2 protein chains.
Amino acid sequence: MRTVEKALKLLDFFTDKVVEIGLSDLARLSGIDKATVLRMLNDMAESGLVEQNPESKRWRLGAGVLRLARLREATQPVNRVLMPILERLAEQTGETAHVSLVSGRDLANIGVVESNRANRVHIEPGLTLPLHATASGLAFTAFTRPERRERVLARKLTPITGTTPITRESLAGLVTLAQQRGYSCADQTYEAEVHGLAVPLFGPDGFSCGALAVAIPTSRVTDSYQRGILAALAPAARDATLGLGGRIPPHHIVAL
Amino acid sequence: MRTVEKALKLLDFFTDKVVEIGLSDLARLSGIDKATVLRMLNDMAESGLVEQNPESKRWRLGAGVLRLARLREATQPVNRVLMPILERLAEQTGETAHVSLVSGRDLANIGVVESNRANRVHIEPGLTLPLHATASGLAFTAFTRPERRERVLARKLTPITGTTPITRESLAGLVTLAQQRGYSCADQTYEAEVHGLAVPLFGPDGFSCGALAVAIPTSRVTDSYQRGILAALAPAARDATLGLGGRIPPHHIVAL
DNA sequence: AAACAACGGTGTAAATAATGAACCGACAAG
DNA sequence: CTTGTCGGTTCATTATTTACACCGTTGTTT
């Protein structure tokens with residue numbers, strides 16, 4: 001495997017729960033030799049991608065990622081555009097709203113606004129969303145370039161909950177449905193008790209570049225409740241696409 | 001040179017002015033073969049660090065950096081803590097304030113709030129600050145671990161303006177002065193007509209982990225004006241250090 | 001206190017993965 | 001039509017990465 005790829009994969013072991021990892025742990029987690037991991041970490045530390053806690057000697061994400069994020073934000077003001085939309089959406093729906101953008105072979109969650117109800121869905125910031133198991137992933141896949149969609153369908157699908165689609169046929173069915181309806185549903189395919197609704201975001205090329213989604217506790221889900229959510233979600237997604245400089249293709253209509 | 005290091009160095013060619021770079025350009029800029037650069041870019045794209053504009057075929061920073069930044073922010077709420085302090089500082093001083101954190105061998109600018117005066121200093125977001133040529137760098141170097149300080153002093157110092165310190169002796173003098181005064185000055189060492197004042201931020205280990213700085217047009221600089229800036233800067237830096245969970249060492253006193 | 005295990009980190013010979021020159025088709029300008 | 005440049009591919013050579021063993025230290029267990 002390519003060295004750079006392996007090195008960057010190390011970053012995926014950091015989550016909002018596991019913020020610092022020791023050398024040996026990281027070697028075990030990744031299955032890579034300790035010496036190799038150390039060299040990679042040192043290389044990434046040069047660029048500020050990771051840094052070492054001088055006391056615990058453990059490693060964590062570095063300040064360099066903040067710098068890079070600021071740089072990207074300066075050119076494509078994603079946060080500035082999307083966060084207000086997200087906040088309004090969460091307020092209107094009373095449910096947790098989140099937005100994700102394509103990043104490598106999956107979707108990267110880049111913004112979350114939680115509902116302020118007691119019973120609400122919590123979504124980890126910085127989560128990577130699998131394309132086949134989330135409403136966001138389905139909405140994205142439905143409207144991405146055909147080549148990419150084909151690659152997604154050809155993947156080995158890992159089950160996450162009991163209702164995660166694991167055959168090519170079941171996934172293709174959900175994707176086709178999303179194409180027809182203009183939005184996607186994911187009923188407990190990623191986490192139990194969580195129902196997702198998502199609408200794709202489009203880039204300047206008219207293909208999807210991400211998704212805007214609302215996550216609902218299954219206990220609250222009814223047909224009419226979903227319609228209400230969609231009535232807020234659809235225009236929010238349109239605003240988001242336009243705010244990012246994207247172009248909504250004529251064949252995308254959210255069937256309310 | 002190590003491959004991972006080389007690959008990540010590619011990211012440094014993206015600035016807030018140069019947001020998209022073509023393959024051949026990037027190969028020329030970095031002095032690395034086209035084929036190698038392409039492989040590195042593809043590897044980094046897997047992790048979402050970069051992405052390719054499907055129309056122009058050129059490359060830019062990817063959404064993955066936003067994800068990583070959110071992750072780091074979730075654990076160490078740098079922005080949340082520092083931005084209000086920065087805004088207050090900019091308001092109090094009427095000058096552009098910025099904050100930077102150690103990132104690899106240099107400082108990464110992670111926040112800027114510009115003054116609202118007509119004549120003000122503009123600072124690019126996501127800039128990398130050289131340690132020897134900026135007030136922030138001097139303040140950081142003065143209070144970092146001795147080993148690191150030694151390495152900085154041993155560097156080959158690149159001149160940026162006419163007054164950038166380029167000998168070990170001149171830099172050591174500025175650093176010592178910063179140690180004595182608890183703050184640092186940089187008179188047009190990075191950009192002409194810009195005067196910098198900086199106070200270090202401290203980590204939990206009692207050594208500097210970054211700097212809080214104010215950038216002033218030289219035309220406004222007088223002794224009493226500087227004292228006024230420092231009177232706002234010193235407590236702001238203290239708040240920032242404490243807000244980040246750092247510990248101010250007893251020997252650090254800002255001599256007003 | 002002794003023994004032990006696990007930690008971060010270092011050196012080395014062996015092998016794998018990175019490298020770069022040549023090449024390709026596409027496109028644009030002259 | 002020729003020329004130059006673009007993004008991208010190929011493949012033999014080679015230089016870099018790799019993994020094993022080892023080191024000193026730390027902290028836990030017996």
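Hydrogens, waters and symmetry mates are skipped; everything else that's a heavy atom, side chains included, is used. Model, not experiment: these values are computed from the prediction. A, B, ... follow the sequence lines: proteins, then strands. Residue 1 opens every chain.
In this structure, A:N53 places its CG atom 15 Å from C1' of C:dC7, rounding to the nearest Å. When rounded to the nearest whole Å, the span between CE of A:M40 and P of C:dG9 equals 16 Å.
At a cut-off of 3.5 Å, with distance as the only test, no side-chain donor of B:S47 or A:E5 sits close to an acceptor on the other residue. Under the 3.5 Å distance criterion, with hydrogens and angles disregarded, no donor-acceptor pair is assigned to the side chains of A:T161 and A:E191.
Within the 4.0 Å cut-off from OP1 or OP2 of C:dC7, at least one side-chain nitrogen or oxygen of A:R28 is found. Side-chain nitrogen and oxygen atoms of A:K6 include at least one within less than 4.0 Å of the OP1 or OP2 phosphate oxygen of D:dT18. Contact annotation: A:T3 side-chain N/O to D:dT16 OP1/OP2 distance is not under 4.0 Å. At D:dT17, none of the side-chain N or O atoms of A:T36 fall inside 4.0 Å of OP1 or OP2 (strictly under the cut-off). Look at A:R2 and you won't find any side-chain N or O under 4.0 angstrom from OP1 or OP2 of D:dT16.
Comparing D:dG7, C:dA21, D:dT17 by their closest approach to the side chain of B:D33 singles out C:dA21. For B:A35, the listed nucleotide lying nearest its side chain is C:dA21; candidates were C:dC7, C:dT19, C:dA21. In the set C:dG8, D:dG8, C:dT10, D:dG8 carries the atom at the smallest distance from any side-chain atom of B:K34. Ranking C:dT19, C:dT10, C:dG8 by closeness to the A:Q52 side chain, first place goes to C:dG8.
Applying the 6.0 Å contact sphere to CZ of B:R60 captures more than 12 heavy atoms from other residues, nucleotides or ligands.
Using a 4.0 Å heavy-atom distance criterion, A:R58 is classed as making no nucleic acid contact.
Using a distance-only test at 3.5 Å, with no hydrogens or angles considered, a donor-acceptor pair links the side chain of B:R149 to the main chain of B:T141.
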